[in-house]
Amino acid sequence: MKTILYIIQKEFKQIFRNKGMLPIIFVLPLLQLVILSNAATFEVKNIKFGYIDNDHTSTSRALVEKFNASTYFNVLTDFPSEAFANAAMLNGEVDVVLEIPNFFERDLQKEKHNNLGVTINAIDGAAAGVENVYVTQIIQRFNQGLKVDLMQVSDKQIQPTTIETIPLFWYNETLNYKTFMVPGILVLLVTMITLFLSGMNIVREKEIGTLEQINVTPIKKSQFIIGKLFPFWVIGMGLLTVGLILARLIFNVPMLGSIILMYFYTSIYILVVLGIGLFISNFTDTQQQAMFISWFFVVIFILMSGLFTPIESMPKWAQIVTEFNPVKYFVEVMRMVMLKGSGFIDILPQLLKTALYAFVMNGLAVLSYKKTN
Amino acid sequence: MKRFIGFIKKEFYHIFRDKRSLFILFGMPIAQIMLFGFAITNEINNVDIAILDHSKDATTDEIINKISASKYFSINQFIDRESDIEPIFKKGKIKAVLNFEKDFSKNLIKYNKATIQIITDATDPNTANTISNYVNAILQKYQKELNKDMTIVYQIIPETRMVYNPELKSVYMFVPGVMTIILMLVSAMMTSISITREKELGTMEILLVSPLKPIQVIVGKVFPYIFLSIINAVVIVLLSIFIFKMPVQGSLFLLGLESILFIISALALGILISTISATQQTAMMISLMGLMLPVILLSGFIFPISSMPLPLQVISNIIPAKWFIIIIKGIMLKGVGLEFIWKETLILLGMTVFFIALSVKKYKIRLE
């Protein structure tokens, strides 16, 4: 026991002696949490909108005015012809173009219906879908206005059958993205820091040659590993703590569930990451290799965690891959406990899988660690 | 010059001798782009929902059938009480509950109006909103069927044309993004670490007292990585064309030139990182911790930049990846030539020159 304490002490000293490293461990992640959480939003706002009005009547102007009044559309450009609009679209200056045909008003009064051209830049398919919904909604409302304006009072209509829908957004009525993203990004930062630090630590000693020296000392394998990894566990928990405080103070993220439960889960989760880090260390000769492998896994962990894109929409095989992604479970648990107030029983499946993962990873890592090369 | 070529040869030997690194260098980007190209999508499919049907009549049955027939939803369970909603949301699997009011059919016939509540787990605002929109769309279609005898006066019908990506494939969005991330991080990480490695192991001193000029040492170290990154870029472009069916509407030659420019800018950034870090660990942490998330979040890879708060839109301008993504999408999907992307190209070029100038300056200081 005493030996472990000495190793831990030595490791802490080594980490804190490197002054350049401290800001990277604590300031950089927290700064990113504060700044980048604002970037992650799927909301579609400030749509760059342009129009070609070939009609120049009060009806066409009224229609354009509707778009002008909407908060979603921005920068109204009046293009003299389609060619100008196309060029602007290629240049990325405009994303939605509305083309009002000749004799729009006249035909509308005569035929009672009319068509409008809408062109949408669809490279971002999801955004294009939303933009299409906005355009359709505005035009529909304009239609209803027309009915009131142009319909004779005598035109009695039968009431159409309507099914009314009432959307209720639980846990986040204002659909605030930050409440959703902050816990997720915090999870990522904790994972990245603990994985990079632990993954490169032992291999560094290997590369510099100091591992040989430790191997000839009377330290047991398990003592050495625990002594090496414990400081990173502490750093991970510390980062979580500061991150949670920032989430509460700056982003006002609700904390409905039990804080103790969150810490309990995290304490097991970090063991998984440390196990992976140790495993990577064992199978590499240089820090460069360790870094590449950690990077490879982190990118996969991030993009397949359900943090930014939904897991249900992935193909079946990819969903199976995500079962092996520890970040997925951490993201789920953080969001469930913090935002919904889920309890121990609710997160039990994730907790069990994480604990099993931690056991397997660390078992493999310890087994594959050779004291003699 | 001969000495310089000899030095470059030595660097190549150095890299090719380390088979494991080489495998990682080429194998991983390929594995990643395959994985992400097929798996990542921000469409919403197969969302698990639950039904709370207080009415259980022919109309609600019909609506439930329509909903379960759509590819967006899979009905996971039926519940009986409002009080069941909270516990199933807390378990996390079910994302929405459709709550049909009592006497649904009767109300529809008697008052021409019936009500459904769409209760969504809005911890994920995007999914919640989309679910609500999709249910609405399905119901609207159903209403049209119910009201098909009625003629509606004064109708303006928008004819929407989706340009550049008519099928709204999300792979068109993600392949350029993944390509950028891989090229950026591999190039920046590789150079930053290979130079700091020499420093840390003490061999840099030896290089500096050799008759090679400092600039030759740097260029010599970076050159093999330019070569390797170009191969990486070629492989990625081929994969995206042949496997993900990405079109290349514009010039392949221009795409190649722009990729080389981007690779050089990332390598220059790597050199800059190496000049400010003493150990490989610091270099790695700066290039991994410092670059990864900003590149993913601020480049427009997943989240639209125009929706971000203004200060972040300003910050996104200093991310080289943002400009490269605009360039690739322009060439591959829109088919534009240099006349439309000269501004982005100039910005990338300017950044590259800036990184190189700054690192040369820092580098000289170390020598004195």
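Proteins get letters first, then strands, A, B, ... in listed order; numbering begins at 1 in each. It should be emphasised that the depicted structure is a prediction, and the values quoted were computed from it without experimental measurement. The figures here come from the full heavy-atom set of this structure, side chains too, leaving out hydrogens, waters and symmetry mates.
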>> One pair to check against salt bridge (Lys or Arg N to Asp or Glu O under 4.0 Å): A/Lys340 and B/Glu86. What are the steps and the verdict?
In response: CA-CA 9 Å; A/Lys340 284 190 264 186; B/Glu86 179 104 37; over 6 Å; no
> So do B/Ile118 and A/Phe169 actually touch side chain to side chain, heavy atoms under 4.5 Å?
Replying inline: no
> Roughly how far, to the nearest 0.5 Å, is CE of B/Met292 from CD of A/Gln32?
Replying inline: 9.5 Å
>> Side chains of A/Ile166 and B/Ile116, heavy atoms from C-beta outward: is any pair under 4.5 Å?
In response: no
>> Need one label for A/Ile185: side chain, backbone, both or neither, based on atoms under 4.5 Å from any heavy atom in chain B.
In response: side chain
> Tell me, side chain or backbone of A/Asp285 under 4.5 Å from chain B's heavy atoms, or both, or neither?
Replying inline: both
>> Show the nearest heavy-atom pair for residues B/Leu168 and A/Ala122, with the distance to one decimal.
In response: CD2-CB, 3.5 Å
>> Which heavy atom of B/Pro309 sits nearest to which heavy atom of A/Asn38, and what is that distance?
In response: CD-O, 3.5 Å
> Is it the backbone or the side chain of A/Leu28 that comes under 4.5 Å from a heavy atom of chain B, or both, or neither?
Replying inline: side chain
> Does A/Ala126 offer a backbone N or O that forms a donor-acceptor pair with the side chain of B/Ser170 under 3.5 Å?
Replying inline: no
> In terms of the angle between their ring planes, are A/Phe308 and B/Phe303 parallel, tilted or perpendicular, with boundaries placed at 30° and 60°?
Replying inline: perpendicular
> Side chain, backbone, both or neither: which part of B/Phe100 has an atom under 4.5 Å from a heavy atom of chain A?
Replying inline: neither
> Would a 4.5 Å heavy-atom cut-off, applied to side chains only, mark B/Asn165 and A/Asn121 as touching?
Replying inline: no
> Do A/Asn46 and B/Ser306 pass the side-chain hydrogen bond (donor to acceptor under 3.5 Å, both in side chains) test, and can you show the C-alpha distance, the side-chain angles, and the key distance before you say yes or no?
Replying inline: CA-CA 6 Å; A/Asn46 311 327; B/Ser306 56; 5.9 Å; no
>> Rounded at 0.5 Å granularity, tell me how far CD in A/Gln288 sits from CE in B/Met190.
In response: 8.5 Å
>> Taking A/Arg204's backbone N and O only, do any of them form a donor-acceptor pair with B/Gln281's side chain (distance below 3.5 Å, no angle check)?
In response: no
> Among side-chain atoms of A/Asn172 and B/Thr123, is any donor-acceptor pair under 3.5 angstrom?
Replying inline: no
> With only heavy atoms counted, which part of B/Lys95 is less than 4.5 Å from chain A, the side chain, the backbone, both or neither?
Replying inline: side chain
> A/Met89 versus chain B, heavy atoms under 4.5 Å apart: side chain, backbone, both or neither?
Replying inline: both
>> Please classify the contact of A/Leu98 with chain B as side chain, backbone, both or neither, using a heavy-atom distance under 4.5 Å.
In response: neither
> Using non-hydrogen atoms only, which part of A/Ile35 is less than 4.5 Å away from chain B: side chain, backbone, both, or neither?
Replying inline: both
> Measuring heavy-atom distances to chain A, does B/Phe89 have an atom under 4.5 Å in its side chain, in its backbone, in both, or in neither?
Replying inline: both
> Do you know which of B/Thr279, B/Ile286, B/Ile63, B/Ile85 has the most heavy-atom pairs under 4.5 Å to chain A?
Replying inline: B/Ile85
> When rounded to the nearest 0.5 angstrom, what distance separates OG1 in A/Thr179 from CG in B/Asp124?
Replying inline: 10.5 Å
> Which atoms form the tightest heavy-atom contact between B/Arg197 and A/Thr286, and what is the distance?
Replying inline: NH1-CG2, 3.6 Å
> So which part of A/Ile347 gets closer than 4.5 Å to some heavy atom of chain B, the side chain, the backbone, both or neither?
Replying inline: neither
> Checking B/Ile296 against chain A: side chain, backbone, both or neither under 4.5 Å from a heavy atom?
Replying inline: side chain
> Does any heavy atom of chain A fall under 4.5 Å from the side chain of B/Val163, the backbone, both, or neither of them?
Replying inline: both
> Does the side chain of A/Asn115 come under 3.5 Å of the side chain of B/Glu159 through a donor N or O and an acceptor N or O?
Replying inline: yes
> So do A/Trp170 and B/Thr120 actually touch side chain to side chain, heavy atoms under 4.5 Å?
Replying inline: no
> Ion pair present between B/Lys91 and A/Glu332, side-chain N to carboxylate O less than 4.0 angstrom?
Replying inline: no
> Which bit of B/Leu312 is near chain A, if near means a heavy-atom gap under 4.5 Å: side chain, backbone, both or neither?
Replying inline: side chain
> Counting only N and O atoms by type, is there a donor-acceptor contact under 3.5 Å from the side chain of B/Asn46 to the main-chain atoms of A/Ser313?
Replying inline: no
>> For chain A, which candidate among B/Ile341, B/Leu288, B/Leu297 shows the most heavy-atom pairs at distances under 4.5 Å?
In response: B/Leu288
> So do B/Gln280 and A/Met291 actually touch side chain to side chain, heavy atoms under 4.5 Å?
Replying inline: no
>> Do B/Met28 and A/Val299 have side chains that approach each other closer than 4.5 Å (heavy atoms only, starting at C-beta)?
In response: no
> Which region of B/Ile305, side chain (C-beta onward) or backbone (N, CA, C, O), has a non-hydrogen atom less than 4.5 Å from a non-hydrogen atom of chain A, or is it both or neither?
Replying inline: neither
> Are any non-hydrogen side-chain atoms of B/Met285 and A/Leu197 less than 4.5 angstrom apart?
Replying inline: yes
>> Has B/Thr160 got a side-chain atom pairing as donor or acceptor with A/Val118's backbone, closer than 3.5 angstrom?
In response: no
>> Using heavy-atom distances under 4.5 Å, tell me whether A/Met192 contacts chain B through its side chain, its backbone, both, or neither.
In response: both
> Which region of B/Glu101, side chain (C-beta onward) or backbone (N, CA, C, O), has a non-hydrogen atom less than 4.5 Å from a non-hydrogen atom of chain A, or is it both or neither?
Replying inline: neither
> Checking A/Thr309 side chain against B/Ile40 main chain: does a donor-acceptor pair fall under 3.5 Å?
Replying inline: no
> In terms of heavy-atom pairs under 4.5 Å with chain A, which of B/Ile315, B/Asn99, B/Asn129 leads?
Replying inline: B/Asn129
> Tell me, side chain or backbone of A/Ile300 under 4.5 Å from chain B's heavy atoms, or both, or neither?
Replying inline: both
>> For A/Trp317, is the CH2 atom crowded, meaning more than 12 foreign heavy atoms sit under 6.0 Å from it?
In response: yes
>> Which atoms of B/Tyr142 are under 4.5 Å from chain A, going by heavy atoms: the side chain, the backbone, both sets, or neither?
In response: side chain
> Between B/Ser132 and A/Pro167, which heavy-atom pair has the shortest distance, and what is it?
Replying inline: OG-CB, 3.6 Å
> With a 4.5 angstrom heavy-atom cut-off, which part of B/Pro311 approaches chain A: side chain, backbone, both or neither?
Replying inline: neither
>> Which residue is it: A/Leu307, A/Asp124, A/Leu303? I am looking for the one with a side-chain contact (heavy atoms from CB on, under 4.5 Å) to B/Ile302.
In response: A/Leu303
> Side chains of B/Gln32 and A/Trp295: does their closest heavy-atom pair fall under 4.5 Å?
Replying inline: yes
> Looking at B/Ser307 and A/Lys45, what are the two nearest heavy atoms and their distance?
Replying inline: OG-N, 3.3 Å
> Has the side chain of B/Lys90 got a donor or acceptor atom that lies under 3.5 Å from a matching backbone atom of A/Val337?
Replying inline: no
> Side chain, backbone, both or neither: which part of A/Ala40 has a heavy atom under 4.5 Å from chain B?
Replying inline: both
>> Among B/Leu298, B/Leu35, B/Leu139, B/Val178, which residue has the highest count of heavy-atom pairs closer than 4.5 Å to chain A?
In response: B/Leu35
> If you look at every heavy atom in B/Ala122 and A/Leu175, which pair is closest and at what distance?
Replying inline: CB-CD2, 3.8 Å
